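Let me begin by presenting the structure, written as C-alpha cells, before commenting on it.
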Amino acid sequence: MTQYHPEEIEPKWQKAWADAEVSRVDVANPDGEKYYMLNMFPYPSGDLHVGHGRNYILGDALYRFFRMQGRAALNPMGWDAFGLPAENAAIKKGIHPREGTLRNIENMKRQFGRWGILYDWSKEIASCNESYYKWNQWLFIRLFERGLAYRGKAPVNWCPNDQTVLANEQVIDGRCERCNALVEQRELAQWFLKITDYADRLDAGLDTLEHWPEKVKVMQRNWIGRSVGCDVEFQVPSLGKSIRIFTTRPDTIYGATFMVLAPEHPDVAALLAGNPARAEIETWIESVRNQTNLERQEAGKAGFFTGKTAINPFTNEEIPIWLGNFVLMQYGTGAIMAVPGHDERDFEFATQYKLPIVRVVEGGELPYSDKENGVCVHSPLINGLKYAQALPKMIEEVERRGIGKGMVRYRLRDWLISRQRYWGTPIPMVYCDRCGIVPVPDDQLPVRLPLDVQFTGKRGNPLEHDAGFMNTVCAKCGGAARRETDTMDTFVDSSWYYARYISARDDEKIFDTSLVNRWLPVDQYIGGIEHAILHLLYARFICRTLFDMGLVNFEEPFTRLFNQGVITKEGYKQADTGAWVTLDDVTIDGDVITQTSTGKRLVAEVGKMSKSRFNVVPPDELIARYGADTERVYTLFIAPPEKEAAWSDEGVVGAYRFLGRVWNLGVQAAASGQQADADPRITRKMHQTIHAVTQRMERFEFNTAISALMELSNTLGENPAAANAREAYLALLQMLHPFAPHITEELWQMLGQQGFVLTSKWPVADPALMQEDVVTIAVQVNGKLRGQVEVKHPPQKEEAIAAAKSNDNVAKWIDGKEIVKEVYVPGKLVNIVVRQ
RNA sequence: GCGAAAGUGGCGGAAUUGGCAGACGCGCUGGUCUUAGGAGCCAGUGGCCCAAAGCCGUGUGGGUUCGAGUCCCACCUUUCGCACCA
C-alpha cells in the first residue's frame, strides 16, 4: 500500500497551483461575485514561526472555502517593509536596510509557499519600493493641500551621546538602549496629520461596523474619547482678563469652589506675580514638566495656591486659583473648575488642601457623580433637574450670557508622522528661504531615498548628512532650497495599502477609482488585536480623506474584522534570576524542572512565542517531519481561532494520524473500489457533515468543522467497501481541502477526478438525506435520566411517551406513583414528572 | 479603581433556541501485529465500590424551571483593555 509522504506531494501541488495561476484574479473581469479577503501585511522580520502561521493559514482556509463556494475571491499579500528594525540591523551588522528587507521578504515568501498558502502575487506590493512610496508622497501632498498635514512642535526622545532621536521602544528606563546615556526630551518641529478633524466621524462610524469585534470598537471609542460639555470663562479681576475652562458638568458649576490650572498653563507667570513663594513654586513647576503623565500620577496629587482668585460666574463668589499636577495642558483648555462635591479627583485635592466642598447634587454620599439619578440643588437655575435636562439648560445660559459655549472635545490628538529616520518614505517637502514650505511637484515624485548612505547610529538621521539629498531647488522660485529629512511613520504606508492592491502596477495614479469602488471595502480583514487602535484608526481616517477627495465612494475600509488569538508555548526560566533557558538545557523530572548545565531550579511559564523565551516552534522542522497539511490542520484544530491557544508538540500527532487515515481510505478506495452494499449510515453522515462543516466555516468554527470531518472519516473507516463510500469520501476530500490542500489534491487525482479540488464545487447538503430513520429519545423521570428509547422517524408524542413508560428501568421509577406531568421535547426527550 | 471576556475530565476543547454534559483530539490503560516500537490497528478512559443499578459532577453560594454548563442575583479567580482627559 502506498504510504502518505507529504514531502513528495506538497511541492508537487504547490507547483501545480503556481503553474496554473489558480490564485490570480483579473480585477476588471472577475469570475463571480467578488470577495476581498485580506490578511494584515506583515513587517518582513525574516522568519515566521507556527504562531504567525495561525493568521495566514486561517486566511488561506477561508480563501479556499469561498472559492469553492463560487466566489471571485481575491487574496493579495504584500510587505510593510519600512521600519526601525532594518535600520538597527544596518547599524549593528552593516547590512543595508534594503538588502536585509528584500532578503527577509524572499524567505517569508518561501515560507508562505511551503504552507501551501495561495496569494495573488501578481498584486504584491512592498512599501519600501518607489512604486509604492511615490503614492504615499502623493497622498501626503494632497493632505497638505487640504490643510490636513501641518508642522507643529512636539517633544522627542533625544540621546545626547549618539546625537539622535530615539523611538519610545529604544528608551529603556530613561536610557538609550544602545549607549545607555540618559535620554532627554527635546522640542522639535514635526509633521502632523489632522486626524482630530475627523474625530467625530471616526467615532460615529464605529456604530456602522456591525461585523467588528465589540472589543475593538470599545478600544477605539475610548481612544477617541468624545466628551460633550461646554467652555466657560471665569473672570480674574487681578489680571483684568478671564481664564477659560472646559467642563462636562456645567450642571455642577454652583459647586465650583476653586479653579485648577495645569502647571504649563500660559497664565501661570502672571498669576504668580507677587507671590512670596514664587521661587519654590517655579521649581516645582519645572520638576513636574519633566515628568511623564504616568510619573505625575504615581507621585499623587500636588499643587500650590497662586495667590489670585477668580469669580464663579454663577455664584459670583471669589474662588482661589490653584496649580495642580493632575490637570493636563494637552486636554481641553488646561484649566478646570473644581467641583469637589461631585468629582472624585477634585474631592481628593480639596481634602488634601482643605478647600471648601459644597453639595449641589442630591442623591448620595460625596463625592457624588451619578449622572443618572442625581438631582440638582442649591443651583437656582436648575434646581430639581437631573443631568440630562440641566446640561442643555446650563449650556444655553452660558451662551446667552456670552461667557462660553457648548463644546465637544476629544482625547484623540493629531497624528505625529515625522520620524527622524532613514528607512521610511521621505516627506516630500522643501524649505525655501523665500517661499517657506513648498511641496515637491507631483511630476517630480517620488523623492527617492538615496541608497548610498552610512549607518553609524550617531549624529541623527543619515539623510541629514547626505548633501545630494538635502540640497535641492525650490519648485516655486527656482532658488536653492533644503529638503525635509524626516520620513513618515510606517502607519501611513499601511493606512491605504488595501486599495493599492487593486492597482498594484499602475504608474499613473494611486489607484483606479472605479475598480477600487468595485472591490472594496475589504469583505474580511484578518489580523492581530495589537492593531486594534492605531493601524485600524489611521486606516479609517485616511479612507475618509480619500472619500472626501472623491477617490473612493466608501468611508469604512473593512466590513468585517477578525482578530486571531496568539499561540503560546511553555518556556523555562531560572527561578531565581528569571533568565530564560534554551529547551535543550531543560531536564524535567516529574514536578521538578532543572537546568541541565547549572542544576538550577527552573519554572515553566506559558507565553507568546518569542526568540527571547526560546519557545518558538519553527515551521520548517515541523513540515519536514509531518508536512504542511498536518501543521495546518493542527493549527486550526487546536482551539477556536479567536482564542489564545497553547501549542502542543504531542497534539500535532493527532492531526498527522487523521490525515494518515484519510490517506489510507483513499488508497483503499482507489485500489479495490466498492463492492459491498450501500450503507445508509454513510449517506446520512455525509449530508450531516456537509451541513455542519458549511455552517461552521461561515462562523469561523474551524476546530469543530475539523472534528466533524474526523467523525465522517471514522464512519467511512467502519465500512470502507460500501457502494456509497466513494461519494462520501470525495465530499470529505472537498471539505478537508481548505485545511489540508495538498493531500486532498493528491487523493482527488488518485481517484481519477478531473481538475483541482480547489476549483471543484463545494458540496451541498440534502436535508432529507440527513434524517435518521430511528430517533433516540432520552427519558427522564423528574428531570433525571433513567433510560433511552428508540422510535421511528418522524417521532410522535404519544408513541414516544408510551415507549418511555414501557422501558424497564423507567417503569421502576414511575410504578405506583401519580404522574403529574409529561413533558415531550420533539425528537429529543421525554420527562415524566411524578409526585414523590 | 472602571470596563470587557472567560472559568467544563490529566490536557486542548464540544454542547443553535434551557432538553442525554464531556463530541473530536491529545495523554493514559489494556490488547494486537512486530526482532523492536516514541509506528500502525482494536478496545477502554469524569469521580465514587469491579460490574450492573445508583449517587456525585461544568469556579462558589443562592434562585427561577418538569428540566440549568446555558437564564437571574451575589461572590471568588484569571486574562485583556482603560487608567487623573475635567
Side-chain angles (χ1 to χ4, degrees), chain A residues 1 3 213-216 218-219 221-223 225-227 229 245-250 252 256 260 262 293-294 296-301 324-339 342-346 348-349 369 409-413 529 532-533 565 633-634 637-640 642-658 660-661 664 692 695 699 701 703-714 717 776-788 809 812 819-834:
Chain A
M1 191 200 276
Q3 293 290 309
E214 206 50 44
K215 185 180 179 176
V216 173
V218 168
M219 285 164 77
R221 234 174 240 122
N222 290 341
W223 189 259
R226 185 176 194 271
S227 298
I245 60 99
F246 171 66
T247 179
T248 56
R249 296 297 304 272
T252 63
V260 190
N293 281 354
L294 185 71
R296 290 187 194 194
Q297 213 178 120
E298 284 168 351
K301 288 193 176 48
N325 65 347
F326 69 102
V327 177
L328 306 175
M329 194 59 222
Q330 306 96 299
Y331 185 77
T333 62
I336 63 160
M337 66 173 200
V339 184
H342 306 288
D343 182 285
E344 217 170 297
R345 297 151 304 181
D346 299 348
E348 198 188 318
F349 194 80
S369 54
R409 290 192 185 267
Y410 302 89
R411 294 172 59 175
L412 184 67
R413 312 269 153 82
I529 188 74
I533 299 176
V633 169
Y634 177 65
F637 182 65
I638 185 170
E642 70 281 3
K643 281 187 61 178
E644 185 179 298
W647 185 269
S648 145
D649 293 324
E650 297 80 50
V652 176
V653 178
Y656 183 66
R657 284 184 196 143
F658 166 55
R661 282 195 294 272
N664 291 341
Q695 187 172 289
R699 297 179 183 175
E701 294 166 355
N703 55 329
T704 52
I706 291 169
S707 76
L709 294 172
M710 288 173 168
E711 288 184 47
L712 176 58
S713 140
N714 291 343
T776 306
I777 289 182
V779 185
Q780 298 180 335
V781 178
N782 284 359
K784 296 217 174 206
L785 185 69
R786 299 299 179 194
Q788 293 184 338
N809 199 42
K812 214 168 77 184
I819 293 174
V820 182
K821 193 173 177 180
E822 289 165 348
V823 180
Y824 174 66
V825 180
K828 281 189 177 162
L829 172 139
V830 169
N831 186 12
I832 300 167
V833 185
V834 296

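Naming convention: chains lettered A, B, ... in sequence-line order (proteins, then strands); numbering from 1 in each chain. Fair warning: this is a prediction, and the values are worked out from it, not measured in the lab.
The shortest side-chain heavy-atom distance between A:Thr333 and A:Arg409 falls under the 4.5 Å cut-off.
Spacing between atom CG of A:Leu712 and atom P of B:C24 amounts to 13 Å, rounded to whole angstrom units. When rounded to the nearest whole Å, the span between CD of A:Glu644 and C1' of B:U78 equals 11 Å. B:A6 atom C1' lies 12 Å from atom CD of A:Glu642, rounded to whole Å. Taking atom OH on A:Tyr331 and atom P on B:A86, their separation rounds to 3 Å, with Å as the unit. Atom NZ in A:Lys828 sits about 13 Å away from atom P in B:A15, given to the nearest Å. If you take NZ of A:Lys643 and C1' of B:G7, they are 9 Å apart, rounded to a whole angstrom. Across the protein-nucleic acid pair, A:Arg661 atom CZ and B:G40 atom C1' stand 11 Å apart, rounded to whole Å. Atom CG of A:Leu785 is separated from atom C1' of B:C20 by 5 Å (rounded to the nearest Å).
The pairing partner recorded for B:U79 is B:A4, the criterion being a Watson-Crick or G-U wobble arrangement whose two distances lie under 3.5 angstrom. With a 3.5 Å ceiling on both atom-pair distances, B:C20 lacks any Watson-Crick or G-U wobble partner. If you check B:C26 for Watson-Crick or wobble pairing at under 3.5 angstrom, you find it paired to B:G10. Nucleotide B:U65: unpaired (no Watson-Crick or G-U wobble partner with both distances less than 3.5 Å). Pairing for B:G54 goes to B:C48, judged as Watson-Crick or G-U wobble with the two contacts each under 3.5 Å. When both pairing distances are held under 3.5 Å, B:U60 makes a Watson-Crick or G-U pair with B:A74. Pairing for B:U32 is with B:G40, a Watson-Crick or G-U wobble pair whose two hydrogen-bonding atom distances lie under 3.5 Å.
At the heavy-atom level, A:Asn714 lies under 4.0 Å from the strands shown only through sugar-phosphate atoms. Within 4.0 Å of A:Ser648, counting heavy atoms only, lies no atom of the nucleic acid at all. Nucleic acid contact class of A:Val218 (heavy atoms, under 4.0 Å, all strands): none. Using a 4.0 Å heavy-atom distance criterion, A:Asn831 is classed as a base contact. Among the protein residues, A:Ile638 comes within range of the sugar-phosphate backbone only, with heavy atoms under 4.0 Å from sugar or phosphate atoms but none that close to a base. Here A:Val327 lies in heavy-atom contact (under 4.0 Å) with a base. Using a 4.0 Å heavy-atom cutoff across all strands shown, A:Gln695 reaches at least one base atom of the nucleic acid.
Comparing B:A51 with B:G1, their P atoms are spaced 49 Å from each other, to the whole Å. Look at the P atom in both B:C41 and B:G61: the space between them is 43 Å, to the nearest Å. Comparing the P positions of B:G67 and B:G19 gives a spacing of 15 Å, expressed to the nearest Å. For the P atoms, the distance from B:U17 to B:G69 is 15 Å, rounded to whole Å. A distance of about 26 Å separates the P atoms of B:C24 and B:A68, rounded to the whole Å. Separating the P atom of B:C28 from that of B:C11 is a span of 15 Å, rounded to the nearest Å. Separating the C1' atom of B:C80 from that of B:A43 is a span of 44 Å, rounded to the nearest Å. Comparing B:U60 with B:C56, their P atoms sit 15 Å apart, to the nearest whole Å.
Here B:G54 is in the anti range [glycosidic angle more than 90° from 0].
Atom CD of A:Gln330 has more than 12 heavy atoms from other residues, nucleotides or ligands within 6.0 Å.
With A:Phe349 as the aromatic partner, A:Lys301 does not meet the cation-pi criteria of under 6.0 angstrom to the ring centre and within 45 degrees of the ring axis.
The base of B:C20 is paired with the side chain of A:Gln788 by a donor and an acceptor separated by under 3.5 Å. Below the 3.5 angstrom threshold, one finds no donor paired with an acceptor across the side chain of A:Asn222 and the base of B:C82.
Residue A:Phe246 has its side chain nearest to B:A86 when only B:A23, B:C56, B:A86 are considered. Distances from the side chain of A:Arg411 to the nucleotides B:G25, B:G40, B:A83 place B:A83 closest. Candidate nucleotides B:G81, B:U17, B:C20 were compared by shortest atom distance to the side chain of A:Thr776, and B:C20 ranks first. Comparing B:A23, B:A83, B:G81 against the side chain of A:Met219 picks out B:G81 as the nearest. Taking only side-chain atoms of A:Arg786, from C-beta outward, the nucleotide of B:A86, B:C55, B:U17 with the closest atom is B:C55. Set against B:C66, B:G25, B:C20, the side chain of A:Lys821 has B:C66 as its closest nucleotide. Closest to the side chain of A:Gln780, from the set B:C20, B:G27, B:C24, is B:C20. Of the candidate nucleotides B:A23, B:C56, B:G25, B:C56 has the atom nearest to the side chain of A:Lys784. Among the nucleotides B:C24, B:A83, B:A39, the one closest to any side-chain atom of A:Glu711 is B:C24. Closest to the A:Arg699 side chain, of the nucleotides B:A23, B:U16, B:A86, is B:U16.
When the side-chain nitrogen and oxygen atoms of A:Ser227 are compared with OP1 and OP2 of B:A86, one or more of them lie within a distance under 4.0 Å. Residue A:Asn703 has a polar side-chain atom (N or O) positioned under 4.0 Å from OP1 or OP2 of B:A14. Distances shorter than 4.0 Å separate some side-chain N or O of A:Arg657 from OP1 or OP2 on B:G40.
With A:Asp343 contributing its side chain and A:Ser369 its backbone, the two residues share no donor-acceptor pair below 3.5 Å.
The OH atom of A:Tyr634 sits 11.5 Å away from atom CD1 of A:Ile706, with the distance rounded to the nearest 0.5 Å. To the nearest 0.5 Å, the span separating CE on A:Met710 from CZ on A:Phe637 amounts to 4.0 Å. The distance from the CG atom of A:Asn664 to the OG atom of A:Ser713 is 10.0 Å, given to the nearest 0.5 Å. Atom-to-atom distance recorded for A:Lys828:NZ and A:Ile777:CD1 is 11.0 Å, nearest 0.5 angstrom.
Residues A:Pro640 and A:Arg249 each lie close to RNA chain B; by heavy-atom proximity, the contact nearer the 5' end of the strand is made by A:Pro640. Residues A:Ile706 and A:Lys812 both approach RNA chain B. Their nearest nucleotides, taken by heavy-atom distance, put A:Ile706 toward the 5′ side.
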*For A:Tyr331 and A:Arg413, run side-chain contact (heavy atoms from CB on, under 4.5 Å): C-alpha distance rounded to whole Å, both residues' side-chain angles, the deciding distance at 0.1 Å, then the answer.*
CA-CA 9 Å; A:Tyr331 185 77; A:Arg413 312 269 153 82; 4.2 Å; yes

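In terms of heavy-atom proximity, A:Met337 sits nearest to A:Pro250 at CE-CA, 4.4 Å.
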